[in-house]
Structures are given as C-alpha cells and as structure tokens.
Amino acid sequence: MSGLFISFEGGEGSGKTTQSDMLVARLEAECSRRVVRLHEPGGTPLGEYIRDWVKAQSAPLTLQAELLLFTASRAELVQRVIRPELDKGAIIVADRYADSTTVYQGNARGLPLDEVKAANAIATGGVWPDLTFLLDTAPGASLRRVGVQTSFDQEGRVVPIPRPNDTEKRRFENLDTAFHQRVRDGYRRLAKAEPRRWVVLDALQEVETIHAQVWERVQGLLAP
C-alpha cells in the first residue's frame, strides 16, 4: 500500500494547525493506517533546532540564509521521516511544506523564484504532497486571530485558548499587511497553477465546516 501525503498551507492565523490536528484525530479514529503529524520547520532534531534558533533571532537574517536554513530542515525531514514513512504506507499530515518556502521567501520576500525552486528541488528530492489544502483569507481577518489558537475540550468540541506571549518570536506575523497580501497572492497563484493537487477553502468558515470539507476530500483518497 502506497503512502498518502497531505499538507495544509495558508497565511498566519488561517487555521492550519487546527485543521491539521482535527484531520489527524479523525484519521486515527477511523483509519487503520499509521498517521504521522509534521510541522515545518521541525520534525527532526535538526529541524526543531533550526525552528527555535530562527524564532529566537532579533536581528533579521539575509534572505538567502533564511531560504537555506528552511530547506536544510526540509531535506533532513524528507530523508529521515517523510520518504521512509510513505514507503511504509503511512499517511502524513504536514502543517506547511515546500510551498511555504516558494510563497514566503519567493513571492513575499522577493528572492528570485528560480533560486527558490532550485533549493526546494534539492530539499524535497521530488517528494510532494498528494493533496494540499489552502486555507484562504484576507490578511486583516487572519492576523486578528494570531493571538488565539484552538484546542479541544473534554467533550471533543473546538475551543479557543490564548497563545503564549511570544510576540518577539513571531517572525512573520509581525510584518506589515502588504507582506501578508503577497503571501496570499502567492498561494492563490500556486493553487491556480496546480488545481489537481490544491483545494482552496474559505478560512473564515466555522472550524467544523472546514473540517467536514477537508474530510470529504481526504476520504476520496482513502477509498480502495
């Protein structure tokens, strides 16, 4: 049985983490296959180190260094986790993947897209998601939600909880609205160019409504 790779993309505060968590919980409850939950950068000791190090920096990195750090994390993740798990038939659910690098470092930060594409090609080794959900919303609406995340209560209902006070570590959330608009535009262009892989969902819908839409598409890939 071949593996299945699903990713969630979108701007800050769009609900990627919530929807990833909900999908993983549903898959674990209703599917007998192994489910692997990932976030980028992260998922390996190197990836977690890079994630923490980048967030802790007060001085801005050069664009090229930022690109290479994120793709180094991804290369390790692909070789150590993603490819082996897919080869064993696992379902991988990723909160961000290489599309984030294309959009953030390329479209939004302005690095030449051919350089970003080349770095991504090395890092991914040709491993791309089978299905990518874009949680799409205008920057103003999503950024108002950055200070709140969601969790589950004892009855399984989705509830908001305050995020830790880590404003100084929010490298991308603190950039201006124009930056986040470029992020949104970049994602929409990717989705338009590859409609068979991407599913664009309105991120301002109710959390349960979005999950139902996600589950409907995922079920189609799980069917024998």
Side-chain angles (χ1 to χ4, degrees), residues 1-10 14-51 69-103 116-136 150-152 156 158 187 190-191 193-201 203 207-224:
M1 178 183 295
S2 60
L4 177 61
F5 187 4
I6 301 165
S7 64
F8 286 85
E9 297 283 356
S14 59
K16 299 177 300 299
T17 301
T18 297
Q19 292 301 325
S20 297
D21 288 343
M22 293 178 75
L23 177 58
V24 167
R26 186 79 173 266
L27 286 167
E28 290 178 338
E30 302 190 22
C31 180
S32 60
R33 295 165 67 176
R34 173 172 164 79
V35 182
V36 179
R37 168 79 161 87
L38 299 174
H39 63 83
E40 281 216 346
T44 66
L46 174 64
E48 295 298 332
Y49 177 85
I50 289 174
R51 179 187 184 92
L69 280 171
F70 287 147
T71 51
S73 171
R74 181 169 304 121
E76 185 78 351
L77 184 66
V78 168
Q79 295 301 320
R80 301 287 188 186
V81 181
I82 294 177
R83 192 186 296 276
E85 291 290 353
L86 290 175
D87 287 345
K88 291 185 288 188
I91 301 173
I92 292 177
V93 178
D95 183 343
R96 295 198 182 283
Y97 188 58
D99 296 301
S100 285
T101 298
T102 300
V103 169
V116 177
K117 182 177 180 180
N120 266 337
I122 294 171
T124 64
V127 177
W128 286 87
D130 301 290
L131 181 64
T132 298
F133 292 101
L134 170 57
L135 300 178
D136 179 52
T150 57
S151 186
F152 303 94
V158 179
Y187 273 127
L190 288 179
E194 220 178 330
R196 295 187 65 178
R197 172 163 72 95
W198 289 79
V199 177
V200 181
L201 301 175
V207 170
E208 292 83 357
T209 300
I210 298 172
H211 173 65
Q213 295 168 347
V214 168
W215 184 243
E216 181 179 7
R217 293 301 296 263
V218 172
Q219 276 187 305
L221 296 179
L222 295 174

Sub-3.5 Å donor-acceptor pair from the side chain of [X] to the main-chain atoms of [Y], do we have one?
{"X": "R33", "Y": "G89", "answer": "yes"}
{"X": "E48", "Y": "G43", "answer": "yes"}
{"X": "R96", "Y": "G10", "answer": "yes"}

ask   = Quick one: do E9 and K16 make a salt bridge, cutoff under 4.0 Å?
value = no
Rounded to the nearest 0.5 Å, what's the gap from [atom1] on [X] to [atom2] on [Y]? Could you check?
{"X": "L134", "Y": "R197", "atom1": "CG", "atom2": "CZ", "answer": "10.5 Å"}
{"X": "I50", "Y": "E76", "atom1": "CD1", "atom2": "CD", "answer": "8.5 Å"}
{"X": "T132", "Y": "R217", "atom1": "OG1", "atom2": "CZ", "answer": "11.0 Å"}
{"X": "D21", "Y": "H39", "atom1": "CG", "atom2": "NE2", "answer": "10.5 Å"}
{"X": "I92", "Y": "L4", "atom1": "CD1", "atom2": "CG", "answer": "9.0 Å"}
{"X": "F8", "Y": "D99", "atom1": "CZ", "atom2": "CG", "answer": "13.5 Å"}

With side chains defined as the heavy atoms from C-beta onward, is the minimum distance between [X] and [Y] less than 4.5 Å?
{"X": "L23", "Y": "W215", "result": "yes"}
{"X": "E40", "Y": "S100", "result": "no"}
{"X": "C31", "Y": "I91", "result": "yes"}
{"X": "L135", "Y": "Q19", "result": "yes"}
{"X": "R74", "Y": "T71", "result": "yes"}
{"X": "R26", "Y": "V218", "result": "no"}
{"X": "V36", "Y": "V93", "result": "no"}

ask   = Hey, mind stepping through I210 and T18 against side chain to side chain contact (heavy atoms under 4.5 Å, CB included) and telling me if it holds?
value = CA-CA 10 Å; I210 298 172; T18 297; over 6 Å; no
ask   = T17 and D95: side-chain donor and acceptor closer than 3.5 Å?
value = yes
message = Under 3.5 Å, is there a donor on one side chain and an acceptor on the other for S73 and R51?
response = no
Distance-minimising heavy-atom pair for [X] and [Y]:
{"X": "V81", "Y": "L38", "answer": "CG1-CD2, 4.1 Å"}
{"X": "W198", "Y": "A191", "answer": "CG-CA, 3.5 Å"}
{"X": "V78", "Y": "P84", "answer": "O-CD, 3.7 Å"}
{"X": "G42", "Y": "L77", "answer": "O-CD1, 3.6 Å"}
{"X": "A72", "Y": "L46", "answer": "O-CD2, 4.2 Å"}

message = Does R80 have more than 12 heavy atoms from other residues, nucleotides or ligands lying within 6.0 Å of its CZ?
response = no
key: Listed partners of E216 passing salt bridge (charged side-chain N to carboxylate O under 4.0 Å, His left out), at least two apart   = none
task = Check step by step if side chain to side chain contact (heavy atoms under 4.5 Å, CB included) holds for L201 and D136.
result = CA-CA 6 Å; L201 301 175; D136 179 52; over 6 Å; no
Do any side-chain atoms of residues 123-130 form donor-acceptor pairs under 3.5 angstrom with protein atoms, and if so which ones, sequence neighbours left out?
unit_1	atom_1	unit_2	atom_2	d
T124	OG1	N120	O	2.9
T124	OG1	G126	N	3.3
D130	OD2	F5	N	2.8

message = Could you work out, with side-chain hydrogen bond (donor to acceptor under 3.5 Å, both in side chains) as the rule, every residue matching Q79, not counting sequence neighbours?
response = none
key: Trace of the side chain to side chain contact (heavy atoms under 4.5 Å, CB included) decision for V214 with I6   = CA-CA 10 Å; V214 168; I6 301 165; over 6 Å; no
